[in-house]
Asker: 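Following this message is one structure expressed as structure tokens.
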Amino acid sequence: MNQIVQLTLVIKDYDAAIEFYTEKLRFQLLEDTKLDETKRWVRVAPPYSQVALLLAKAKNEEQLASVGNQTGGRVFLFMHTDDFDGYYEFLVKKGVKIIREPSTEPYGKVCVFADLYGNLWDLIEPTRI
């Protein structure tokens, strides 16, 4: 059995990213291990998620240029919820930038929001069949 269990998200600052993901998105801080003077192993994920984000601090100009635009302006990550309205209200209350207001599509309720660096996320409550 093969699984994707972790994705790398290039960031500018560990502490700012941890604060955003834990305070504004209600993710859990799974690990924050100092590896050397500049590098940490930082993992966050929504509760009950089987996939984590590894927050990796950009270490050169090339990596810094990709922060916030890791997919060339397309939606980068897709997060499912079973409480779209409640979680959407939470995001708005926390000041998360909403890029596309909620709509109902054949596959479910959806909106697009940006993380602290501008990466785009779909929040989706899938249609129950």
Side-chain angles (χ1 to χ4, degrees):
M1 179 174 80
N2 298 329
Q3 299 179 55
I4 294 175
V5 296
Q6 192 162 268
L7 300 168
T8 299
L9 182 64
V10 182
I11 59 167
K12 291 181 183 177
D13 179 81
Y14 289 117
D15 294 323
I18 289 169
E19 180 180 351
F20 178 85
Y21 286 101
T22 60
E23 299 297 321
K24 295 196 182 238
L25 298 187
R26 285 195 292 212
F27 282 24
Q28 295 174 327
L29 178 60
L30 303 175
E31 184 176 358
D32 184 358
T33 303
K34 185 176 180 179
L35 300 176
D36 61 33
E37 291 307 311
T38 60
K39 189 174 181 180
R40 289 156 60 183
W41 187 261
V42 178
R43 296 181 325 115
V44 296
Y48 311 109
S49 179
Q50 293 184 22
V51 178
L53 292 178
L54 174 67
L55 304 178
K57 186 175 177 182
K59 63 181 181 178
N60 56 43
E61 289 302 316
E62 182 181 4
Q63 290 178 9
L64 197 55
S66 72
V67 172
N69 192 27
Q70 295 188 128
T71 57
R74 295 195 56 135
V75 170
F76 177 47
L77 295 161
F78 298 78
M79 185 165 55
H80 283 187
T81 181
D82 61 0
D83 180 17
F84 183 92
D85 295 329
Y87 196 72
Y88 176 78
E89 281 183 34
F90 178 81
L91 294 178
V92 170
K93 179 180 172 186
K94 288 295 188 173
V96 174
K97 185 176 182 181
I98 303 300
I99 303 299
R100 193 177 91 208
E101 293 295 325
S103 63
T104 301
E105 305 297 334
Y107 54 86
K109 279 184 168 179
V110 63
C111 75
V112 178
F113 68 91
D115 69 16
L116 76 163
Y117 296 118
N119 294 301
L120 300 181
W121 291 64
D122 265 4
L123 175 66
I124 303 168
E125 182 174 359
T127 300
R128 292 191 173 104
I129 299 174

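Because the structure is predicted, anything quoted here is derived from the model rather than measured. We count residues from 1, following the sequence as given.
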Asker: Under 4.5 Å between any side-chain heavy atoms of Lys39 and Tyr14, yes or no?
Answerer: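 Side-chain contact under 4.5 Å: yes.
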
Asker: Could you please spell out the steps behind the side-chain contact (heavy atoms from CB on, under 4.5 Å) verdict for Leu29 and Ile18?
Answerer: CA-CA 7 Å; Leu29 178 60; Ile18 289 169; 4.3 Å; yes

Asker: Classify the side-chain pair Tyr21/Asp115 by whether it contains a donor and acceptor separated by less than 3.5 Å.
Answerer: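 On atom types as modelled, these side chains qualify, holding a pair under 3.5 Å.
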
Asker: Is a donor from one side chain sitting under 3.5 angstrom from an acceptor on the other, for Gln6 and Thr8?
Answerer: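 Checked: Gln6/Thr8 side chains show no N/O donor-acceptor pair below 3.5 Å.
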
Asker: Indicate whether the side chain of Glu125 and that of Tyr107 have a donor and an acceptor atom separated by less than 3.5 Å.
Answerer: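 Side-chain D/A pair, Glu125 to Tyr107: absent.
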
Asker: In terms of side-chain geometry, is the basic nitrogen of Glu31 or Arg43 positioned less than 4.0 Å from the acidic oxygen of its partner?
Answerer: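 Between Arg43 and Glu31 there is a salt bridge, with a charged N closer than 4.0 Å to a carboxylate O.
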
Asker: Atom OG of Ser49 and atom CZ of Phe27: how far apart are they, to the nearest 0.5 Å?
Answerer: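 It is 7.5 Å, given to the nearest 0.5 Å.
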
Asker: Pick one: which of Leu9, Val67, Val10 meets side-chain contact (heavy atoms from CB on, under 4.5 Å) with Tyr117?
Answerer: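 Single side-chain contact (heavy atoms from CB on, under 4.5 Å) partner of Tyr117 among Leu9, Val67, Val10: Val67.
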
Asker: Can you tell me how far NZ of Lys97 sits from CG of Leu91, rounded to the nearest 0.5 angstrom?
Answerer: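 Nearest 0.5 Å value for the CG-NZ distance: 14.5 Å.
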
Asker: Does any non-hydrogen side-chain atom of Arg40 lie less than 4.5 Å from one of Leu55?
Answerer: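 No, their side chains stay 4.5 Å or more apart.
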
Asker: Closer than 4.0 angstrom, basic N to acidic O: yes or no for Glu23 and Arg26?
Answerer: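 Not counted as a salt bridge, because no side-chain N and carboxylate O are separated by less than 4.0 Å.
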
Asker: If two hydrophobic side chains count as joined below 4.5 Å and joins carry through other members, does Leu7 share a cluster with Phe76?
Answerer: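 Same cluster.
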
Asker: Is any side-chain heavy atom of Glu61 closer than 4.5 Å to a side-chain heavy atom of Gln63?
Answerer: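 Answer no - side chains too far apart.
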
Asker: Minimum heavy-atom separation for Pro126 and Thr81, please, with both atom names.
Answerer: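 Minimum heavy-atom separation between Pro126 and Thr81: CD-O, 3.8 Å.
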
Asker: If you round to the nearest 0.5 Å, how far is OH of Tyr87 from NZ of Lys94?
Answerer: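 The NZ atom of Lys94 sits 11.0 Å away from the OH atom of Tyr87.
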
Asker: Would a distance-only check, ignoring hydrogens and angles, find a side-chain to backbone donor-acceptor pair under 3.5 Å from Glu19 to Asp15?
Answerer: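 No; judged by distance alone, with no hydrogens or angles, the pair does not exist.
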
Asker: Atom CG of Leu77 and atom OG1 of Thr71: how far apart are they, to the nearest 0.5 Å?
Answerer: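 That separation rounds to 8.0 Å.
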
